[in-house]
Protein chains: 2
Amino acid sequence: MITNKSCIIRLSRYKNSLYRLRALGFVKVFSDNLADAIGVLPSQVRKDFSLFGISGNKRGGYQVDTLIEKLNTILGKEQVQEVIVAGLGNIGNALMKYKGFEKEGIKICACFDIDSAKYHRDAAIPVLPLEEMKDFVRNKRIKIGVIAVPDIAAQSVLDMMLACGIKGVLNFAPLRLRAPDDIVVNNVNLELELENVIYFVNTQGKTKSG
Amino acid sequence: MITNKSCIIRLSRYKNSLYRLRALGFVKVFSDNLADAIGVLPSQVRKDFSLFGISGNKRGGYQVDTLIEKLNTILGKEQVQEVIVAGLGNIGNALMKYKGFEKEGIKICACFDIDSAKYHRDAAIPVLPLEEMKDFVRNKRIKIGVIAVPDIAAQSVLDMMLACGIKGVLNFAPLRLRAPDDIVVNNVNLELELENVIYFVNTQGKTKSG
DNA sequence: CCTATTTTGTGAAATGAGTAACAAAAAACT
DNA sequence: AGTTTTTTGTTACTCATTTCACAAAATAGG
């Protein structure tokens, strides 16, 4: 099994580039087209494909259509992926309104919050009490959750999600969550990302001026 | 010079854990305390510290206070870091309201947008026309920018930021931005992160059930 | 004061990801 | 049909990061 996150991320990028290339009229592509598009080496592209059993034609490259299809299969994009969000704060709100997910076949089905003032059962994306998560998730067989609650509540919300049968989580709370090994937890930590930029800017400046 | 991003990210995590440990009354820590806290091996902790010339006492561990101080110096947290945000859409809005930055010594000084309906010069964090970015950034000598504009505008906003003297960028637009080598660009791509969770959940399921 | 124990700091080994190189296949050209 | 060119797919190599392992230092205990 492939455990390399950046490899999967590259597959997503190939896929996105391929849609653009197809829109431009491309019918076949070569590894170096894709390499240029996402900023890696051609050998990396071929390696990635070979890892997933994707093959092209020597001297003929890859058919755009079938390549897109294969990548979508690998990435689980044959059907719309339904996710839930916990926490209708700043981030939760932004996610609900964000248009980027829809065009990637990701659908936010519901948001759960603890604050009854936020409930909105009839909205396009309903906002429901946390207690209803279990029924909702089980009925709809949802496997993916997003955690956008305050730090202090994050672990208990994760535990709740796992009890509902959620198998993968995107976590925005800036702390390490404990989960069994078979659960996927990706963290998006905005402070850390910014702190990182700041560090490299600071040291860059230092090394330049002496 | 250290170019390893994950190493810097770990330093940030150590620092965050140390604050928590200090709040619990810890005066000294050992590498395995910190290792547990952030989920790495003790040898990793010691290696990271040794890379930055941080040393402790054999059998005595590390003093929490001095360790925090050293990490803060390395991470450039001795003074408040001022940043600007471009784009007052969903994400820009969430960032402006987000409390997490303040307690990390990161201050959003202003937001710039193209839409005059959004301008709000007298707000706590002013929302200004994009054209005013140059003066603002130069006067305040700001080095860090956040890009939260639609995909199509992202590259031009980046170019504008670079013309203002910005040296590091956190980019939320889901595409690859072109920048000179001495500019730091960190990307946060929410679709990709979710797609990644989805992939691993799907394959996990497959490998388990056969 | 000497011995046992703990914990660091570092150099060596292992792992893993990315890059390079090249044989083999396919197409194009003559 | 044969030769040349192009491009894949895979194997071997390189490099970076992580993990291991152990000597040296410091403390604690008898």
Side-chain angles (χ1 to χ4, degrees), chain A residues 1-14 17-18 21 26-68 70-71 74 176 181 192 196 199-200 203, chain B residues 1-14 17-18 21 26-68 70-71 74 176 181 192 196 199-200 203:
Chain A
M1 212 246 288
I2 283 86
T3 55
N4 183 344
K5 178 175 169 178
S6 12
C7 178
I8 306 300
I9 297 266
R10 282 195 300 272
L11 292 193
S12 292
R13 291 195 207 274
Y14 298 141
S17 298
L18 283 165
L21 292 169
F26 281 67
V27 174
K28 63 179 185 180
V29 286
F30 305 117
S31 57
D32 68 311
N33 300 138
L34 287 170
D36 282 355
I38 81 156
V40 298
L41 294 169
S43 55
Q44 176 87 79
V45 177
R46 298 199 297 275
K47 186 91 176 240
D48 286 341
F49 287 176
S50 110
L51 277 172
F52 289 91
I54 295 176
S55 55
N57 304 303
K58 291 207 162 81
R59 203 191 159 117
Y62 306 83
Q63 292 298 115
V64 173
D65 278 333
T66 58
L67 194 48
I68 287 177
K70 282 179 184 172
L71 289 173
I74 292 164
R176 215 166 75 88
D181 286 345
L192 246 50
N196 196 259
Y199 169 81
F200 282 109
T203 46
Chain B
M1 214 247 287
I2 282 89
T3 55
N4 183 343
K5 178 175 168 177
S6 14
C7 177
I8 306 300
I9 297 267
R10 282 195 301 272
L11 292 193
S12 292
R13 290 195 208 276
Y14 298 142
S17 298
L18 282 164
L21 291 169
F26 281 67
V27 173
K28 62 181 186 180
V29 286
F30 304 117
S31 56
D32 68 311
N33 300 137
L34 287 169
D36 282 354
I38 82 157
V40 298
L41 294 169
S43 54
Q44 176 89 79
V45 177
R46 296 198 299 272
K47 190 85 180 232
D48 286 341
F49 287 176
S50 110
L51 276 173
F52 288 92
I54 295 176
S55 57
N57 303 302
K58 291 205 162 83
R59 205 192 157 116
Y62 305 84
Q63 292 297 116
V64 173
D65 278 331
T66 59
L67 194 47
I68 288 178
K70 283 178 184 172
L71 290 173
I74 292 165
R176 219 164 71 86
D181 286 345
L192 247 49
N196 196 258
Y199 168 80
F200 282 109
T203 47

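All chains are named by letter (A, B, ...) in the order of the sequence lines, taking the proteins before the strands, and each is independently numbered beginning at 1.
Listed by first and then second residue, the side-chain hydrogen bond (donor to acceptor under 3.5 Å, both in side chains) pairs involving residues 49-60 of chain A amount to none (not counting sequence neighbours).
By the side-chain hydrogen bond (donor to acceptor under 3.5 Å, both in side chains) test, B:S31 pairs with B:R46, sequence neighbours left out. Under the side-chain hydrogen bond (donor to acceptor under 3.5 Å, both in side chains) criterion, B:D36 pairs with no residue at all, not counting sequence neighbours. In terms of the salt bridge (Lys or Arg N to Asp or Glu O under 4.0 Å) criterion, residue partners of B:K5 (sequence neighbours excluded) are, by chain and number, A:E193. Scored by the side-chain hydrogen bond (donor to acceptor under 3.5 Å, both in side chains) test, A:N33 finds no partners at all (sequence neighbours excluded). By the salt bridge (Lys or Arg N to Asp or Glu O under 4.0 Å) test, B:D32 pairs with no residue at all, sequence neighbours left out. Qualifying salt bridge (Lys or Arg N to Asp or Glu O under 4.0 Å) partners for B:R10, counting only residues two or more places apart in sequence or in other chains: B:D48. Remark: A:Y62 engages no residue in a side-chain hydrogen bond (donor to acceptor under 3.5 Å, both in side chains) (not counting sequence neighbours). Partners of A:R13 by salt bridge (Lys or Arg N to Asp or Glu O under 4.0 Å), not counting sequence neighbours: none found.
Test A:T66, A:V64, A:L71 against A:I68 for side-chain contact (heavy atoms from CB on, under 4.5 Å) and you get one pass: A:V64.
Among the heavy atoms of the strands lying under 4.0 Å from B:Y62 are primed sugar atoms or P, OP1, OP2 only; no base atom is included.
Rounded to a whole Å, the CD atom of A:Q63 is 14 Å from the C1' atom of D:dT7.
A heavy atom lying under 4.0 Å from DNA chain D marks the following residues of residues 32-42 of chain B, by number: B:L41.
Within the 4.0 Å cut-off from OP1 or OP2 of D:dT19, at least one side-chain nitrogen or oxygen of B:Q44 is found.
Here the range on DNA chain C touched by chain A, meaning any atom under 4.0 Å from one of its heavy atoms, is C:dA17 to C:dA28.
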Legend entry - Reading 5' to 3' through nucleotides 21-30 of chain D, protein heavy-atom contacts under 4.0 Å coded B for base, S for sugar-phosphate only, - for none: B--BBBBS--

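Mapping B:S31 and A:T3 onto DNA chain C by nearest heavy atom places B:S31 at the nucleotide closer to the 5' end.
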